[in-house]
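Following: one structure in C-alpha cells, then a few remarks.
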There are 2 protein chains.
Amino acid sequence: MVSDDSNLHPEPSGKMPAEINGLRMTRQRWETYRLLMTQKDHPTANDVFRRIQKRLPNISLATVYNCLEALVKHGIVRQVNFDREPSRFCPNLAEHGHFHDESNGSIHDVTFKPGIDLSEVLDLPEGTVITDIELTLRGKLPTTKI
Amino acid sequence: MVSDDSNLHPEPSGKMPAEINGLRMTRQRWETYRLLMTQKDHPTANDVFRRIQKRLPNISLATVYNCLEALVKHGIVRQVNFDREPSRFCPNLAEHGHFHDESNGSIHDVTFKPGIDLSEVLDLPEGTVITDIELTLRGKLPTTKI
DNA sequence: CGGGAACCTAGAACGATTCCAATTCCTGGC
DNA sequence: GCCAGGAATTGGAATCGTTCTAGGTTCCCG
Ligand SMILES: [Mn+2]
Ligand SMILES: [Mn+2]
Ligand SMILES: [Zn+2]
Ligand SMILES: [Zn+2]
C-alpha cells in the first residue's frame, strides 16, 4: 500500500531542492525530511534529534522542533499523537490510521479496505465539513517478530 | 443514539452507592462522576476542578486528577485526547468517536452508521487483536448556533 | 559588498500531569 | 463505640515535552 509519490516530493537521496511545497529548504529541514523519509518508524522529535546528530552535530533540539513544525505546516509530513505521549512524525501522506502494537511499542500505518471512505460510515448531520480525521488503534499484531 | 445504561450505572441524582464497577465510591469520586454524567460537554480536568468546587469547596486539583484516573481505570468514564491539548473526559461508554467543531471549540460524540463495525473496514493482518480504537475528527458542523 | 529578513541555537519558561510526604478519612474487628 | 491499618485526599514540588526568547548566523537581492 505504498503510493507512488516519487513525482510529488524529491528523492531524499538526491540533491537538496530549493524548496518543497513552498517551504524553503535549509540544511536542517532537508536532513529532517530525509530522516523521516528514510526511517519510517514514526520517531519522536527527540528520536529525530538523536539520529540527526550523525549528520548535523551542531543542530539543536529547538531547531528539530522548528523543522518538524515547518514540515507539518506545509503538509510535507504528518504529526501523530498517541494519547499524551510525545508526538511522532510520519512521512506517509496517504489517508491512513496508526496501530500501536503494545507488545513491542512499534507503530504501523493502517489503511482502509478498498472502496471504504471513512467519512461515509459516520453518522454526521448533512453539511458537516470534515477537515481532518485521525484514527489510532491499540492492540497486538499476530506473530510479532520483534 | 443514546444507549439505555440506566441499569448499569447508578443515577447521578440518587444516593451515593458503595461502589461502581468495583471502585469504592468516595465523596470526591462520586461528585466527579455526577458532574461528568450531568455535563456531557467533555470537560478537562481543570474544568471539572472549577465546576466541582461549588459542591466540594476544599477539593484539590490533584484529587480531581486522582478521581478521573480511578474512574477511567475502572471503565466508568473515558479519557479523550485531541492532539496535545489537555485531556477531556466523557461518560459515554458506547463505541463512538469525537468531532471537534473548530468554529466554536465544542466537542460532539460521533457514532457510526447502523451495521458498521470499524474494525471490519480496516486493512489489518489476520489475527490482529484490537484492544482500543480512537477516532477524532476536526471540522465544522452545519448551522452552528453558537 | 551592505541591509533586512529568515534561520538557527542555547537556555529559560510554560503548562498539563504526576509525584511526594503529611494529614485525614474509612472500615473491619474488638 | 473505639482503634489500628490501609486507602484517599491535599498542597506543593517535580517532571518533561514543548514553546518562547534573545542573540548570533546565514541567505537573498539589489
Ligand atoms: Mn491520539
Ligand atoms: Mn487524538
Ligand atoms: Zn503513519
Ligand atoms: Zn464522548
Side-chain angles (χ1 to χ4, degrees), chain A residues 15-35 42-53 55-74 76-90 105 107, chain B residues 15-35 42-53 55-74 76-90 105 107:
Chain A
K15 259 203 155 55
M16 179 175 90
E19 59 171 54
I20 303 178
N21 270 24
L23 176 67
R24 177 148 66 86
M25 270 305 108
T26 63
R27 194 95 241 285
Q28 290 83 350
R29 287 172 183 168
W30 176 243
E31 292 298 342
T32 301
Y33 169 72
R34 266 162 55 78
L35 192 149
H42 302 85
T44 65
N46 206 51
D47 292 336
V48 172
F49 177 53
R50 282 189 286 95
R51 295 176 189 176
I52 210 172
Q53 304 205 41
R55 291 179 159 278
L56 302 175
N58 297 319
I59 198 171
S60 74
L61 179 57
T63 296
V64 172
Y65 272 102
N66 289 342
C67 290
L68 290 170
E69 180 185 27
L71 292 169
V72 168
K73 251 180 200 154
H74 288 257
I76 302 167
V77 305
R78 293 169 50 171
Q79 182 167 354
V80 179
N81 297 301
F82 280 86
D83 299 330
R84 313 227 91 248
E85 294 171 23
S87 289
R88 296 172 174 276
F89 297 87
C90 168
I107 290 171
Chain B
K15 258 206 157 56
M16 179 175 90
E19 60 172 55
I20 303 178
N21 270 23
L23 176 68
R24 178 150 64 88
M25 272 304 108
T26 63
R27 197 91 247 277
Q28 290 85 345
R29 288 172 182 167
W30 176 243
E31 292 298 341
T32 301
Y33 169 71
R34 267 163 53 80
L35 191 148
H42 302 85
T44 65
N46 206 50
D47 291 337
V48 172
F49 178 53
R50 281 187 288 95
R51 295 177 188 176
I52 211 172
Q53 303 202 41
R55 292 179 159 276
L56 304 175
N58 296 320
I59 197 172
S60 73
L61 180 56
T63 296
V64 172
Y65 273 101
N66 288 341
C67 290
L68 289 170
E69 180 185 29
L71 292 169
V72 168
K73 249 178 201 157
H74 285 75
I76 301 167
V77 304
R78 292 170 50 171
Q79 181 168 354
V80 178
N81 296 302
F82 280 86
D83 300 330
R84 312 225 92 251
E85 294 171 25
S87 290
R88 297 173 173 277
F89 296 86
C90 168
I107 290 171

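Reminder, nothing fancy here: chain letters follow the sequence lines and each chain counts from 1.
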For [X], which residues count as a side-chain contact (heavy atoms from CB on, under 4.5 Å) partner, sequence neighbours excluded?
X	value
A:Pro17	A:Pro10, A:Ile20, A:Met25, A:Trp30
A:Thr26	A:Gln28, A:Arg29
B:Arg78	B:Leu93, B:His96

*For B:Asp47 and C:dG15, what is the distance between atoms CG and P respectively, to the nearest whole Å?*
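One finds 16 Å between P of C:dG15 and CG of B:Asp47, rounded.
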Taking only nitrogen or oxygen atoms into account, show me every contact under 3.5 Å that the protein makes with nucleotides 2-4 of chain C, one pair per line with its distance.
none

_Shortest non-hydrogen contact between A:His74 and A:Asn21, atoms and distance_ =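 Heavy atoms of A:His74 and A:Asn21 come nearest at O-ND2, 2.9 Å.
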Side-chain donor-acceptor pairs of residues 63-73 of chain A under 3.5 Å, sequence neighbours excluded:
{"residue": "A:Thr63", "atom": "OG1", "partner": "A:Ser60", "partner atom": "OG", "Å": "3.0"}
{"residue": "A:Asn66", "atom": "ND2", "partner": "A:Ala62", "partner atom": "O", "Å": "3.4"}
{"residue": "A:Glu69", "atom": "OE2", "partner": "A:Lys73", "partner atom": "NZ", "Å": "3.4"}

Residues which pass side-chain hydrogen bond (donor to acceptor under 3.5 Å, both in side chains) with [X], listed by chain and number, not counting sequence neighbours:
X	value
A:Arg51	A:Gln39, A:Asp41
A:Arg55	none
A:Arg50	A:Asp47
B:Arg24	none

*At under 4.0 Å between heavy atoms, which parts of nucleotides 21-27 of chain C does protein reach? Answer with one letter per nucleotide, 5' to 3': B base, S sugar-phosphate only, - none.*
-----S-
*For nucleotides 15-25 of chain D, just jot down a letter per nucleotide in 5' to 3' order: B, S or -, based on protein non-hydrogen atoms under 4.0 Å.*
--SBBB-----
*To the nearest 10 degrees, what angle separates the axes at the start and end of the helix from C:dC1-D:dG30 to C:dC30-D:dG1, five pairs each?*
30°
